[in-house]
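I have placed the structure first, in the form of structure tokens, so that the comments after it can refer back to it.
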Amino acid sequence: MFDLLIKNVRKLNNPHSVDIGIKDGFITQIGSIKSPSKQLIEGEGRLVLPPYVESHIHLDTALTSGKPTFNQSGELFEGIQLWNQYRKTMSMEDVKERALSVIKIMASQGVLFMRTMVDTSDPKLIALRALLEVKREVSAFMTIQIVGFPQNGLSSVKGVEQLEQAIELGVDGISAVPHLEPTREHGVRSLETCFQLAIKHQCFIHIFCDETDDQASRFLEVVASLALETNLKNQVTVSHINAMSYYDEAYVRKLIGILQASKINVVTAPLVNSAMQGRFDSWPKGRGITRVKDLQKAGIKVAVAHDDFLSPFYPLGTGSLLAAGHLLLHVAHMTGAEDFETVIQMMTRNPAEILGLTHYGIEEEMEANLLIVSAENAHDLLRRQPVAELVIGKGRLIAETPALKTTFHMQAREGV
């Protein structure tokens, strides 16, 4: 007997309905199932998907927009200044409350895996200690990876010392922010230090890289070269790389080859970067997005992330990865027939591989994590951005949202 039986659902790009039998938290059978079950869900021909995977979010800064004041310029530097002010007054209870709120919002929309960044510039590492507790508390339904992120740089006073302390406390990965270091030389050294620490402590690397409109910011090539030299390769991920959109074509051709050889991963954050980048440009202003189509065409693994959520860096956000994917279609000019499925893969399969998830997918013997949503296909998902009606994690129902239904009360006049 199954613990849960889901009847009549469709996998993406498959017109035929199937049943899914779940036992002990795993998918044990897919097909036409007549066996009894303890719990039955009627899929009614709706779409079944693996969960969305959030590959870059800041739970420590979430829900702090306007505190102590709003970021009026919208620029990264004002956001950092405001966050440094807020950080002086926050408590573990405050961080936990905000993080749990965002986690529930995102889980209700189908995100069951996330990689969160946490600032290690705080001498007391309050946010990190809080998020380590949150990670344990939500482990029954949400898998979280924590990345130690030195917002104020590794060359700052005690920058390296605090990152090492974060490693000792239990972060899963570490980061550097080379474009915010005082000089290019400092930036390169910060990357070298980050790679040395990762090798020493056997953790993955997730770099904030070239999040600037400065075409002279070229730390991506350094990250890729270090990934090759150390053989860390796909254990290395870079986020943002906005400066790439300003590079001249000859250099991009060279850079693409280095990236292909390095096998590093890329995360793009269209919601935040389209709002933040281009503010220093004269008209025409930059689009604020890296060269996603070129990267994807070259076989480089790209994921799309939500990133900030009502923070000093971004005053909006709903927690919907479909919203991020929808915007990516626009700013990356991805409106071709095959682009819609590609972007869905960028919020499911690609980030799942970046996070190193096992037992991910709608297949037999995989962990029973899945979404049921009223949509026809990838195009329909991204066009309408419907909320998942049922979210199932480890074989259990996590969240349920009734489908939106409109009743039209006006009648058209005959002949009009």
Side-chain angles (χ1 to χ4, degrees), residues 56-90 98 116-122 127 147 149-156 159 175-184 186-187 190 206-220 238-247 267-292 304-318 323-324 327-328 330-332:
H56 182 131
I57 192 168
H58 297 259
L59 290 177
D60 57 344
T61 65
L63 305 181
T64 62
S65 180
K67 303 174 184 179
T69 185
F70 283 96
N71 182 342
Q72 295 295 340
S73 70
E75 296 169 5
L76 176 63
F77 300 110
E78 184 176 350
I80 293 172
Q81 180 183 17
L82 290 170
W83 166 241
N84 283 335
Q85 291 178 40
Y86 183 88
R87 197 183 60 201
K88 295 176 182 178
T89 62
M90 70 183 180
R98 290 185 288 103
T116 182
M117 313 299 152
V118 59
D119 186 8
T120 58
S121 301
D122 171 22
V147 177
F149 160 53
Q151 176 72 80
N152 294 340
L154 284 178
S155 64
S156 63
S175 183
V177 197
H179 56 281
L180 293 182
E181 297 287 356
T183 67
R184 175 170 173 80
H186 283 88
S190 75
H206 193 127
I207 303 293
F208 288 60
C209 193
D210 299 322
E211 189 184 6
T212 174
D213 301 326
D214 180 8
Q215 61 181 321
S217 184
R218 297 189 173 189
F219 291 105
L220 180 55
V238 292
S239 282
H240 303 302
I241 57 173
N242 309 99
M244 188 179 183
S245 64
Y246 292 88
Y247 298 160
V267 174
T268 184
L271 293 170
V272 175
N273 287 139
S274 64
M276 183 171 287
Q277 307 308 131
R279 292 189 180 254
F280 299 116
D281 290 358
S282 58
W283 294 98
K285 289 182 177 290
R287 300 182 68 87
I289 202 74
T290 194
R291 296 175 65 155
V292 173
V304 59
H306 191 287
D307 196 358
D308 289 287
F309 191 118
L310 285 169
S311 78
F313 305 93
Y314 183 62
L316 302 168
T318 62
L327 183 57
L328 182 64
H330 294 77
V331 294

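Excluded from the calculations below are hydrogen atoms, water molecules and symmetry mates; all remaining heavy atoms, backbone and side chain alike, are included. This one's a predicted model, so the numbers in the text were calculated from it and none came from an experiment.
To the nearest 0.5 angstrom, Met90 atom CE is 13.5 Å from Gln85 atom CD. Once rounded to the nearest 0.5 Å, the distance linking NE2 of His306 with CG of Leu316 reads 9.0 Å. The distance from the CE atom of Met244 to the CZ atom of Arg218 is 11.0 Å, given to the nearest 0.5 Å. Between Met276 atom CE and Phe77 atom CZ the span is 10.0 Å, to the nearest 0.5 Å. To the nearest 0.5 angstrom, Ser274 atom OG is 6.5 Å from Tyr314 atom OH. We find the CG-OG1 distance between Asp60 and Thr116 to be 6.0 Å, quoted to the nearest 0.5 Å.
Partners of Arg287 by salt bridge (Lys or Arg N to Asp or Glu O under 4.0 Å), not counting sequence neighbours: none found.
Residue Asn242 comes nearest to Gly288 through the heavy atom pair ND2-O, 3.3 Å, listed as atom of the first residue, atom of the second, then distance. The two atoms that bring Val267 and Ala305 nearest to each other are CG1-CB, 3.6 Å, heavy atoms only.
You'll find the side chain of Pro312 reaches within 4.5 Å of the side chain of Thr64, heavy atoms only. Residues Thr69 and Leu82 meet the side-chain proximity criterion, which asks for heavy atoms closer than 4.5 Å. With contacts defined as side-chain heavy-atom distances shorter than 4.5 Å, the pair Asp214/Tyr246 does not qualify. Here the side chains of Leu76 and Leu180 are in contact, with some heavy-atom distance below 4.5 Å. Looking at Ile289 and Thr268, their side chains come closer than 4.5 Å, going by heavy atoms from C-beta outward.
Ring geometry for Phe149 versus His58: interplanar angle over 60°, hence perpendicular rather than tilted (30 to 60°).
Ring centroids of His56 and Phe208 are separated by less than 6.0 Å, placing the two rings close together.
In this structure, Glu211 contributes its side chain and His240 its backbone to no donor-acceptor pair below 3.5 Å. In this structure, Glu78 contributes its side chain and Gln72 its backbone to a donor-acceptor pair below 3.5 Å. No donor-acceptor pair closer than 3.5 Å links the side chain of Asp210 to the backbone N or O of Ala243.
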Audit row: Gln277, Ser245, side chain to side chain contact (heavy atoms under 4.5 Å, CB included) steps and yes/no | CA-CA 11 Å; Gln277 307 308 131; Ser245 64; over 6 Å; no
Should Phe313 and Ile80 be marked as a side chain to side chain contact (heavy atoms under 4.5 Å, CB included) after you check the CA-CA gap, both sets of side-chain angles, and the distance that decides it?
-> CA-CA 8 Å; Phe313 305 93; Ile80 293 172; 3.7 Å; yes
Take His206 and Met117 through the test side chain to side chain contact (heavy atoms under 4.5 Å, CB included) and record every step on the way to the result.
-> CA-CA 9 Å; His206 193 127; Met117 313 299 152; 3.7 Å; yes
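Screening Ser239, Pro150, Ser190 for a side chain to side chain contact (heavy atoms under 4.5 Å, CB included) with Ser175, the sole residue that qualifies is Pro150. Here the options are Asn152, Thr61, Asp119, Asn71, the test is side chain to side chain donor-acceptor pair (under 3.5 Å), and the partner is Trp83; only Asp119 passes.
For residues 64-73, there are no salt bridge (Lys or Arg N to Asp or Glu O under 4.0 Å) pairs, not counting sequence neighbours.
Glu181 and Ser155 form a side-chain donor-acceptor contact under 3.5 Å, judged by distance and modelled atom types alone.
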